[in-house]
Amino acid sequence: MSGTELLEPDRIEGAPHPRDTVRLIGQGAAEAAFLDAFTGGRMHHGWLITGPRGVGKATLAWSVARFLLTRPAAAEGAGLFGAAPAPDSLAVPADHPVARRMAAQSEPGLFVLRRGPNDKGNALSAEIRVDDVRRLKSFFALSSAEGGRRVVIVDTADEMNTSAANALLKLLEEPPANATLLLVSHSPARLLPTIRSRCRELRLGPLGPAEMAEALAQAGQDDSQGAALAELSGGSVGEAIRLARNDGLALYADLVALLAGHPRLDRMRLLKFAESTAGRGAEGRFDLVLRLIELALARLARTGATGTPPPEAAAGEAALLTRLAPDAAAARLWAEAAQDLIARARQGRAVNLDPASLILDTVLRLDETAGRLAA
């Protein structure tokens, strides 16, 4: 098993690690596609698992790895199951020896390729490097004596530098016997075309409100706000957990209440809102508020373009969106404002301008936009 014991770059703070996630939720189509290939004798040695961040790609990779490592290397094709029914799920009992070893990070048939420590050993490297990929040679050499399957999870393939990507490509071009490589990717277009062409893709989609509530409950989070979190997170469980842990719903409700005053803002309320993003330890809050402003602008543009507001993520939001974005012309104006204002705020943050001033300036410029629309 690879990876550092001190740091895990593939873990979302506040959520179980994908290896400990009991069940994949909301991605039945991808699970069925893999099982169909397995039982039909059409297994590919390389699988590219794609989709937005936080929708279960790593959980699927671990589920597939667990499933494969509990099957003999020859167990592919429906005919090989004899009288027994072909598997219709990736589920493996928690007390299975493979499941236990994977939970303990001691399964010899599994290698997890991810960012390791930097040269000083005091933080994670910014990328997966070629030396990390070269460790696969030792893994395959040692595990070949055991026979059976070998599985590699790459999480994420997007983080490989050019040399690492080329080294992995050689493995995809000439895979060892009984080896399966599972590449997790948020942005497959950034990968080498030759890597993409040598993998079969499993694409995962966003979760709906009911699936989000179920996934949050499984992750030990409050599931009562599943619908609102599904809206604000774009159906990403990972993003929903980040929002929940950082009072994102309350912040968004405050933002909606503030914007409801457009084009005549409550200046004292705005000042209090902006000042909450400043001070020691508030860096994350500034980034979150900026993301929420960007999201609100996107929802405004969507409302104007479609003529229908999305499901509410905060009380009074639908009326606000409809009033401020009544038509396609307003949609274009809000979309242009989003591109300009968010870029200005991020640039200001990059040069260490005061966060409160940046938020204040951003919202005041939004007020100006609302005023132009009202006129």
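What you see is a predicted model, and the numbers here were worked out from it, not measured in a lab.
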Quiz item: Quick check: does any side chain N or O of E294 sit under 3.5 Å from a backbone N or O of A338, one acting as donor and the other as acceptor?
Solution: no
Exercise. Treat each ILVMFWY residue as a node, draw an edge where side-chain heavy atoms are under 4.5 Å apart, and state whether V130 and L169 are in one component.
Key: no
Quiz item: How many angstroms lie between CG in L183 and CG in L191, if you round to the nearest 0.5 Å?
Solution: 7.0 Å
Quiz item: Is the shortest heavy-atom distance from the side chain of L249 to the side chain of L229 under 4.5 Å?
Solution: yes
Quiz item: Between R291 and E239, is there a salt bridge with N-O shorter than 4.0 Å?
Solution: yes
Self-check item: More than 12 heavy atoms of other groups within 6.0 Å of D88 CG
Solution: no
Quiz item: In a check of side-chain contact (heavy atoms from CB on, under 4.5 Å) between F34 and each of L60, T39, L68, which one passes?
Solution: L68
Exercise. Report yes if the side chains of L216 and Q225 come closer than 4.5 Å at any heavy-atom pair, otherwise no.
Key: no
Exercise. Would you indicate whether the side-chain heavy atoms of L192 and N166 approach each other to under 4.5 Å?
Key: yes
Quiz item: Judged by atom type as modelled, is there a donor-acceptor pair below 3.5 Å linking the side chain of Q221 to the main-chain atoms of I241?
Solution: no
Quiz item: Is the closest basic N to carboxylate O distance between D10 and R115 below 4.0 Å?
Solution: no
Quiz item: Do the side chains of L69 and L110 get nearer than 4.5 Å, heavy atoms only?
Solution: yes
Quiz item: Less than 4.5 Å apart, any side-chain heavy atom of L373 and any of L333?
Solution: yes
Quiz item: Run the side chain to side chain contact (heavy atoms under 4.5 Å, CB included) check on D287 and V289 step by step: do they pass?
Solution: CA-CA 6 Å; D287 292 333; V289 167; over 6 Å; no
Quiz item: So, are E107 and R19 salt-bridged, with charged N and O less than 4.0 Å apart?
Solution: no
Practice problem: List the atom of L324, the atom of L300, and the distance in Å for their closest heavy-atom pair. | Solution: CB-CD2, 3.6 Å
Exercise. Kindly say whether G51 contributes a backbone atom to a donor-acceptor pair with the side chain of K57 at under 3.5 angstrom?
Key: yes
Exercise. Check the side chains of T180 and R150 for a donor-acceptor pair under 3.5 angstrom, ignoring hydrogens and angles.
Key: no
Practice problem: From the options E214, E31, E211, select the one residue that forms a salt bridge (Lys or Arg N to Asp or Glu O under 4.0 Å) with R23. | Solution: E214
Quiz item: Can you tell me how far CG of D155 sits from CD1 of I128, rounded to the nearest 0.5 angstrom?
Solution: 7.5 Å
Quiz item: Minimum heavy-atom separation for A314 to Y252, with atom names?
Solution: CB-CD2, 4.0 Å
Quiz prompt | Residues D247, R285: salt bridge by 4.0 Å N-O rule | solution = no
Quiz item: At what distance, to the nearest 0.5 angstrom, does CG of L204 lie from CG of L207?
Solution: 9.0 Å
Self-check item: T277 side chain to A274 backbone, donor-acceptor under 3.5 Å
Solution: yes
Quiz item: Is there side-chain contact between L364 and L270, with at least one heavy-atom pair below 4.5 Å?
Solution: yes
Exercise. Answer yes or no: is there a donor N or O on one side and an acceptor on the other, between the side chain of R332 and the main chain of G304, under 3.5 Å?
Key: no
Exercise. Could you tell me the separation between the CG atom of L172 and the OG atom of S197, rounded to the nearest 0.5 Å?
Key: 9.0 Å
Quiz item: Roughly how far, to the nearest 0.5 Å, is the CG atom of L321 from the OG1 atom of T308?
Solution: 11.5 Å
Quiz item: Can you get from V184 to I12 by hopping between Ile, Leu, Val, Met, Phe, Trp and Tyr side chains that sit under 4.5 Å apart?
Solution: no
Quiz prompt | Check: F38 ring centre within less than 6.0 Å of F67 ring centre | solution = yes
Practice problem: Would you mind reporting whether L90 and L35 have side-chain heavy atoms less than 4.5 Å apart? | Solution: yes
Quiz item: Can you tell me how far the CG atom of L113 sits from the CG atom of L168, to the nearest 0.5 Å?
Solution: 7.0 Å
Exercise. Please say whether more than 12 non-hydrogen atoms of neighbouring residues, nucleotides or ligands are located less than 6.0 Å from CZ in R203.
Key: yes
Practice problem: Identify which one of N161, N118, D119 satisfies the side chain to side chain donor-acceptor pair (under 3.5 Å) criterion when paired with R129. | Solution: D119
Quiz item: Is there a chain of hydrophobic side chains (I, L, V, M, F, W, Y, each step under 4.5 Å between heavy atoms) that links V92 to V98?
Solution: no
Practice problem: Give the intermediate values and the outcome of side chain to side chain contact (heavy atoms under 4.5 Å, CB included) for residues R135 and D131. | Solution: CA-CA 7 Å; R135 291 164 56 206; D131 287 345; over 6 Å; no
Self-check item: CA sep, side-chain torsions, deciding dist, call: E127, M160, side chain to side chain contact (heavy atoms under 4.5 Å, CB included)
Solution: CA-CA 6 Å; E127 57 192 10; M160 292 187 295; over 6 Å; no
Quiz item: Between the main-chain N or O of S233 and the side-chain N or O of S236, is there a donor-acceptor pair closer than 3.5 Å?
Solution: no
Practice problem: Return yes if some donor-acceptor pair links the side-chain N/O of T369 with the main-chain N/O of R365 below 3.5 Å, else return no. | Solution: yes
Practice problem: Assess whether side chain to side chain donor-acceptor pair (under 3.5 Å) is satisfied between S224 and D222, documenting all intermediate values. | Solution: CA-CA 6 Å; S224 63; D222 179 9; 2.9 Å; yes
Quiz item: Should we count CZ of R190 as having more than 12 external heavy atoms under 6.0 Å?
Solution: no
Quiz item: Salt bridge or not for E173 and R198, using N-O below 4.0 Å?
Solution: yes
Quiz item: Does one side chain, of H262 or D367, offer a donor that lies under 3.5 Å from an acceptor on the other?
Solution: yes
Quiz item: Could you go step by step and tell me if R114 and E159 meet the salt bridge (charged side-chain N to carboxylate O under 4.0 Å, His left out) rule?
Solution: CA-CA 8 Å; R114 55 188 177 178; E159 295 172 331; over 6 Å; no
Self-check item: Heavy-atom pair with the smallest gap, counting every atom of A330 and A325
Solution: CB-CA, 3.8 Å
Quiz item: Does the S89 side chain pair with the main chain of A91, one donor and one acceptor, at a distance under 3.5 Å?
Solution: yes
Quiz item: Given the rule that I, L, V, M, F, W and Y join up when any side-chain heavy atoms are under 4.5 Å apart, are V55 and M212 in one cluster?
Solution: yes
Quiz item: Is there a side chain to side chain contact (heavy atoms under 4.5 Å, CB included) between R66 and V151 once you walk through the steps?
Solution: CA-CA 9 Å; R66 195 179 294 112; V151 178; over 6 Å; no
Quiz item: Counting distance only, does the side-chain N/O of S185 pair as donor-acceptor with the main-chain N or O of A157 below 3.5 Å?
Solution: no
Exercise. Measure the acute angle between the ring planes of W62 and H17, then classify it against the limits of 30° and 60° as parallel, tilted or perpendicular.
Key: perpendicular
Quiz item: Does a salt bridge link E317 with R299, judged by any charged N lying under 4.0 Å from a carboxylate O?
Solution: yes
Quiz item: What is the minimum heavy-atom distance between L181 and L171, and which atoms define it?
Solution: CD2-CB, 4.4 Å
Quiz prompt | Expected output: side-chain N246 to main-chain R242 donor-acceptor under 3.5 Å | solution = yes
Practice problem: Check whether any side-chain heavy atom of K137 lies under 4.5 Å from a side-chain heavy atom of F140, and answer yes or no. | Solution: no
